[in-house]
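Letters A, B, ... mirror the listed sequences (proteins, then strands); counts begin at 1.
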2 protein chains.
Amino acid sequence: MTAEKTDILLIEDHAIFRKTLTRVINSHERLSCENAFSSAEDGLSAIEIRGLAPDIVLLDIGLPGMNGVQCIPHLKRLCPDARIIILTIHDDDDNIFKAVCAGASGYLLKDAPPEDIIESIELVLQGGAAMNTHIARRVLNLFQEMAAPPGDYDLTNREQEILRLLVDGLSKKQIAAQINLSQHTVDSHIRNIYSKLEVHTRSSAVAKALKERLL
Amino acid sequence: MTAEKTDILLIEDHAIFRKTLTRVINSHERLSCENAFSSAEDGLSAIEIRGLAPDIVLLDIGLPGMNGVQCIPHLKRLCPDARIIILTIHDDDDNIFKAVCAGASGYLLKDAPPEDIIESIELVLQGGAAMNTHIARRVLNLFQEMAAPPGDYDLTNREQEILRLLVDGLSKKQIAAQINLSQHTVDSHIRNIYSKLEVHTRSSAVAKALKERLL
DNA sequence: CTTTCAATCACGTAAACGCGCCATTTTTGC
DNA sequence: GCAAAAATGGCGCGTTTACGTGATTGAAAG
């Protein structure tokens, strides 16, 4: 443990909220917020020009100009080690999804009491993620939606093996050579695959395999 | 609010832990655990035969026979309204990923104190998700890995359009008909796509398009 | 014990494919 | 205004594919 305080950078366009939050953070003995900005552009250019390297970035989504989600990739580039915590009134799935995909470590709602925000910062510093249980639930739901149940077409092992090689773009001849079979046998397996997947072209088979995670 | 207690079903092969947990749950005034099983098979058949409809299922992953992850789809089918909370010693990414994709609402480690487990059950009942912050962090990381930045091969609009049709499994002739072009033109576009994607077969192009989200 | 099914191999054919090589026109960017 | 890039169209050739129509073997299931 060093004596250094944790350096927090804040990007938030609402002036009163920004000042309140800065004060609350600075009243904490191990947290420090020296840099607070009202737009993503200001924050990013300050980071770049003054070489800031915050430990944590608290980021609003509803910013004028560049919004918070768009800002995340730039932050990741300028200070890859910084943890980003989204702090917003928008709790719709789309924003949550985009923020999480872009690399946020936390997603807090502004109506959370200041102590919760401080606690979340500490959790993130300890390597955790900060979200309330309802946001967490949304994240899990998003996951489940993305992870459509892998289709099941009763492919045999051999068929799956050959389907994988088809996805790799190999021809019958190449597949036959790869697994030491006759081209005719490979052909036969491919026919069975087509029949089970109900397709008539290689492309459709490959597309179906990838879309429905058959491998 | 009904006077009914929340019905919790437990599947856990470790007898002592199972009994401890059952006792702790039943000592809670609004929770009830009447059904505890030592295997997924026992639990599932009891649900099916006796028509159980638990509100929450606490599910171990490291079960003999069918494991917890495999069990989830069956639970979803037999009692679609039940919330599933994974309770396990395994906190590796693969298990977390599979459990979350399969539809778990929570992921707890067995070393959590019983009070935490009770609290998590309450959170899930309130529509939240139950995980500690480190598990949550892993989930977010998984998200970010899945959301790899879409590849960029400078495909033109026309090329993207045709690539989409290739993914749909259409032949040159069908594509030409679909967008009112000569087969030769389509052929020409396909060549350019191959060249940009650095592939030489339709399958590889389709695979690359889907794997790297080029559409 | 027989039937089903996976896995293996075979021949032939019409259609589709990948590619070399080429030309014209339109759009885009400096 | 001009060069680069994109979009369009064309011919030919050797290869590959999809599919019809078979066969044999061995293992699993009834």
Side-chain angles (χ1 to χ4, degrees), chain A residues 150-215, chain B residues 41 44-45 48 65-66 70 74 150-215:
Chain A
D152 189 4
Y153 296 89
D154 280 315
L155 295 182
T156 66
N157 290 341
R158 222 4 164 204
E159 285 159 1
Q160 284 185 44
E161 182 183 16
I162 287 176
L163 182 51
R164 247 170 271 137
L165 297 171
L166 288 181
V167 168
D168 289 340
L170 303 192
S171 70
K172 286 178 198 173
K173 198 181 290 184
Q174 290 172 315
I175 294 175
Q178 181 105 6
I179 55 182
N180 258 304
L181 284 179
S182 148
Q183 291 184 47
H184 304 294
T185 307
V186 174
D187 183 82
S188 176
H189 286 305
I190 292 179
R191 294 177 199 222
N192 291 330
I193 293 172
Y194 285 8
S195 145
K196 288 182 180 177
L197 299 192
E198 296 175 275
V199 298
H200 305 278
T201 70
R202 204 161 279 218
S203 322
S204 301
V206 168
K208 203 152 190 168
L210 289 173
K211 284 179 180 170
E212 309 195 17
R213 279 179 278 306
L214 303 184
L215 316 179
Chain B
E41 290 84 350
L44 290 172
S45 64
E48 189 153 20
M66 179 189 293
Q70 296 165 332
H74 295 97
D152 190 3
Y153 295 89
D154 279 317
L155 295 182
T156 66
N157 290 340
R158 229 348 170 214
E159 285 160 3
Q160 284 186 44
E161 183 183 14
I162 288 177
L163 182 51
R164 259 186 295 270
L165 296 172
L166 287 182
V167 169
D168 288 342
L170 303 192
S171 69
K172 287 177 196 172
K173 199 181 289 184
Q174 290 172 315
I175 293 175
Q178 182 105 6
I179 55 184
N180 258 304
L181 284 179
S182 149
Q183 292 185 44
H184 303 293
T185 307
V186 174
D187 182 80
S188 178
H189 286 305
I190 292 179
R191 292 177 201 223
N192 292 329
I193 292 172
Y194 285 7
S195 148
K196 288 182 181 178
L197 300 192
E198 298 175 86
V199 298
H200 306 277
T201 69
R202 205 159 280 218
S203 320
S204 301
V206 169
K208 205 153 188 168
L210 289 172
K211 283 178 181 171
E212 308 193 18
R213 277 181 282 305
L214 304 184
L215 313 181

It should be established whether A/Arg202 places a side-chain nitrogen or oxygen under 4.0 Å from OP1 or OP2 of nucleotide D/dA18.
yes

Would you tell me if any nitrogen or oxygen in the side chain of A/Thr185 comes within less than 4.0 Å of OP1 or OP2 on C/dT8?
no

We want to know whether A/Ser204 and A/Thr201 form a side-chain donor-acceptor pair, criterion being a heavy-atom distance below 3.5 angstrom.
yes

Establish, with yes or no, whether the OP1 or OP2 oxygen of C/dA6 is under 4.0 angstrom from a side-chain nitrogen or oxygen of A/His189.
no

Counting only heavy atoms not in B/Glu48, do more than 12 sit closer than 6.0 Å to its CD atom?
no

Taking atom CD of A/Glu198 and atom OG of A/Ser195, what is their separation to the nearest 0.5 Å?
8.0 Å

With nearest nucleotide decided by heavy atoms, which residue, B/Gln183 or B/Asn157, maps closer to the 5′ end of DNA chain D?
B/Asn157

Does a salt bridge link A/Arg191 with A/Asp187, judged by any charged N lying under 4.0 Å from a carboxylate O?
yes

Tell me whether the side-chain N/O atoms of A/His200 come closer than 4.0 Å to OP1 or OP2 in D/dC19.
yes

Within the pair A/Arg158 and C/dT8, is there a side-chain N or O less than 4.0 Å away from OP1 or OP2?
yes

N/O (side chain, A/His184) to phosphate O (OP1/OP2, C/dT8) under 4.0 Å
no

Please state whether the phosphate of C/dA7, meaning OP1 or OP2, lies under 4.0 angstrom from any side-chain nitrogen or oxygen of A/Thr156.
yes

Return no unless some side-chain N or O of B/Tyr194 is found under 4.0 Å from OP1 or OP2 of C/dG18.
yes

Is B/Ser182 near enough to D/dG10 that one of its side-chain N or O atoms lies under 4.0 angstrom from OP1 or OP2?
yes

So what does B/Thr201 touch, heavy atoms closer than 4.0 Å: a base, only the sugar-phosphate, or nothing?
sugar-phosphate

Kindly say if A/Lys173 contacts the phosphate of D/dT16, meaning a side-chain N or O under 4.0 Å from OP1 or OP2.
yes

